[in-house]
Number of protein chains: 2
Amino acid sequence: MPTSAPPPNARERQKRERRLALIEAAQRLVGERGLDDVTVEEISSAAGLSTRTFFNYFDSKDDAVLGIQEIELDAEVRAQFVSGGPSGRLMSDLEALVAGFLKDAAPNIEQVERAMRLLTSEPRLMQRHVAWHQRIVGEFEELLSERRKARPSPVDDDTIGMVAGLLMRSSALAWARSGYEGDAAAHLPEAVAQLRLLLDD
Amino acid sequence: MPTSAPPPNARERQKRERRLALIEAAQRLVGERGLDDVTVEEISSAAGLSTRTFFNYFDSKDDAVLGIQEIELDAEVRAQFVSGGPSGRLMSDLEALVAGFLKDAAPNIEQVERAMRLLTSEPRLMQRHVAWHQRIVGEFEELLSERRKARPSPVDDDTIGMVAGLLMRSSALAWARSGYEGDAAAHLPEAVAQLRLLLDD
DNA sequence: ACTGCAACTTGCACTCAGTGCAAGAATAGT
DNA sequence: ACTATTCTTGCACTGAGTGCAAGTTGCAGT
């Protein structure tokens, strides 16, 4: 697996541009008129594409508005966690894992900001967002299951996975509250501290 | 607010029966053929009702399959929590609050069992289920916001709300694993213990 | 028992998200 | 330039979901 990806060809470049154009159009229109008053046809048109093509880029209208994409965890971070590392202490290693996911969670801050703003007024978008987050929690659980062979824990995977999800969300919220400054992962220690504070009560 | 409700009239009885019939039909058909291969028309027909009436009972097909309904928290439990009780210690009071929600979360165990089984094979149902759960987390946060006036906490509402949600889910999972014996709330102490164990690592 | 009213069911027509298919267009490789 | 592969598009369609109005049913009062 080479470290540097080959230069993007015209196809890949166009694909990226079209995707961005669809997200932008979707967010703008929905921001102006609300989710239910904007059709996929309108979004596609605004981006200069057909409705049929829209669905080559996104599984659903909601996905386009949110700019949803899968997060790919760095293979090194993954391998480390699964083999019982990086430090051998579960909470600390969980932080590293969550940081690995947060790293690429917001490639385009403007779009994320807009999406997060729309979440507050559109329940269906919130539902889709939460489903996306839950998918990641599922990935946490799978990784934990694999790690268990190298380093067992007396706590079940469900609970650990949920805590990892909680830390991720808590950090993201704190990051949003800071005006999206720096990295979301920088807020992880404070999320852990909040949790510990609560558990001591 | 009287403690005993008046006897249900024919209308209310019919409403309940029809609702149950729709859930039963939905779960049976989806269990046999999968979510996407069953139409709302088929479900309604199997329950002896029209498609149009189906939507008087459920907002969506997914809701019928899951048998989703709002949980009504007992007014006493609510008032107690909001005024800073019952014990004054946040974690302990959270447990009482979550137990209050769990109390009426599964009025019909058979249906819940069937729904939970379908969750594992139908991503869209999982998404709906998670959204339902997230709605409750939102209610936790509202209650926490109100309680804050009587008894402030150094931990933010988001984090506390998420922990309450985690405890609720953890208890429900343990309850399911036990074969739905007794009450889900009986598993709350063990959920808290797991969390504490993890945080000590 | 009768009556008026409110609540509910149903059929119907419709919208729109989403899907499969095939012809045509665009890109990539030689 | 040629060929193979990938992508776009138009089209037809399905099915979830919605509004509307006519008809039916339950309820309460007389």
Side-chain angles (χ1 to χ4, degrees), chain A residues 5-23 25-27 29-30 33-68 118 122-129 131, chain B residues 5-23 25-27 29-30 33-68 118 122-129 131:
Chain A
N9 57 29
R11 276 217 155 121
E12 282 164 22
R13 231 185 304 114
Q14 274 196 1
K15 196 167 172 176
R16 210 172 313 163
E17 282 166 9
R18 283 175 178 157
R19 185 186 147 82
L20 291 180
L22 286 169
I23 295 173
Q27 293 185 335
L29 291 170
V30 169
R33 298 167 26 211
L35 184 59
D36 290 330
D37 200 29
V38 176
T39 62
V40 172
E41 208 276 320
E42 285 170 316
I43 294 168
S44 312
S45 238
L49 298 169
S50 74
T51 300
R52 191 60 195 82
T53 300
F54 173 100
F55 288 106
N56 289 341
Y57 287 86
F58 294 101
D59 286 344
S60 70
K61 181 170 135 185
D62 296 350
D63 284 11
V65 180
L66 293 176
I68 271 186
L118 292 172
E122 302 289 351
R124 231 178 62 216
L125 292 182
M126 177 58 87
Q127 173 166 335
R128 182 66 189 91
H129 175 69
Chain B
N9 56 29
R11 274 212 161 125
E12 282 163 23
R13 230 183 303 112
Q14 275 195 1
K15 197 166 168 174
R16 210 171 314 162
E17 281 165 10
R18 284 175 177 156
R19 186 186 145 82
L20 292 179
L22 286 169
I23 296 172
Q27 292 184 337
L29 291 170
V30 170
R33 295 165 34 208
L35 184 59
D36 290 330
D37 199 29
V38 176
T39 62
V40 171
E41 209 276 319
E42 284 172 315
I43 295 168
S44 312
S45 237
L49 298 168
S50 74
T51 302
R52 189 62 195 80
T53 299
F54 174 99
F55 289 105
N56 288 342
Y57 286 85
F58 294 101
D59 286 344
S60 70
K61 178 171 134 183
D62 296 351
D63 285 11
V65 179
L66 291 177
I68 271 186
L118 292 173
E122 302 288 353
R124 232 179 58 218
L125 291 183
M126 177 59 88
Q127 174 166 335
R128 182 67 190 90
H129 175 69

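Every chain is numbered from 1, with letters handed out A, B, ... down the list of sequences.
Residue A:Tyr57 contributes atom OH, which lies 8 Å from atom C1' of D:dC7 at whole-angstrom precision. Rounded to an integer number of Å, the gap from A:Leu35 CG to D:dG17 P is 14 Å. In this structure, the CD atom of B:Glu12 is 14 Å from the P atom of D:dG26, given to the nearest Å. Between the NZ atom of B:Lys15 and the C1' atom of D:dG26 there is a distance of 14 Å, given to the nearest Å. The distance between atom CG of B:Asn9 and atom P of D:dG26, rounded to the nearest whole Å, is 11 Å. We find that CZ of B:Phe55 is positioned 9 Å from C1' of D:dT18, with the value rounded to whole Å. Rounded to an integer number of Å, the gap from CZ of A:Arg18 to P of C:dA25 is 15 Å. Atom CD of B:Gln14 is separated from atom P of C:dA7 by 16 Å (rounded to the nearest Å).
One axis for each end of the helix from C:dA1-D:dT30 to C:dT30-D:dA1, each built from five base pairs, and the angle between them comes to 30° at 10° resolution.
Within the nucleic acid shown, B:Arg13 has no heavy atom closer than 4.0 Å to any nucleic acid atom. Counting any heavy atom pair closer than 4.0 Å across all strands shown, A:Arg124 reaches no nucleic acid atom. When heavy atoms are screened at a 4.0 angstrom cut-off, B:Phe54 is found touching no nucleic acid atom at all. Here A:Phe58 lies out of heavy-atom contact (under 4.0 Å) with every strand.
Residue B:Leu35 comes nearest to B:Glu122 through the heavy atom pair N-OE2, 3.0 Å, listed as atom of the first residue, atom of the second, then distance. The two residues B:Leu22 and B:Phe58 have their closest heavy-atom pair at CB-CE1, 3.8 Å. Here the closest non-hydrogen pair linking A:Phe54 and A:Ser44 is CB-OG, 3.4 Å.
Comparing B:Arg11 and B:Thr53 by the nucleotide of DNA chain C that holds the closest heavy atom to each, the one mapping nearer the 5' end is B:Arg11.
Checking side-chain atoms of A:Arg18 against main-chain N and O of A:Ala47 turns up no donor-acceptor pair under 3.5 Å. Between the side chain of B:Arg19 and the main chain of B:Ala64, no donor-acceptor pair closer than 3.5 Å is present.
Exactly one of B:Leu125, B:Val40, B:Leu66, B:Thr39 qualifies for a side chain to side chain contact (heavy atoms under 4.5 Å, CB included) with B:Lys61. That residue is B:Val40.
Using a 4.0 Å cut-off on heavy atoms, the residues of residues 36-51 of chain A that approach DNA chain C are A:Val38, A:Thr39, A:Val40, listed by number.
One N or O donor and one acceptor, one from the side chain of A:Arg52 and one from the base of C:dG20, sit under 3.5 Å apart.
Residue-environment remark: CG (A:Asp59) stays at or below the threshold of 12 foreign heavy atoms within 6.0 Å.
The CZ atom of A:Arg11 sits 10.0 Å away from atom NZ of A:Lys15, with the distance rounded to the nearest 0.5 Å.
No side-chain heavy atom of B:Val65 sits less than 4.5 Å from a side-chain heavy atom of B:Leu29.
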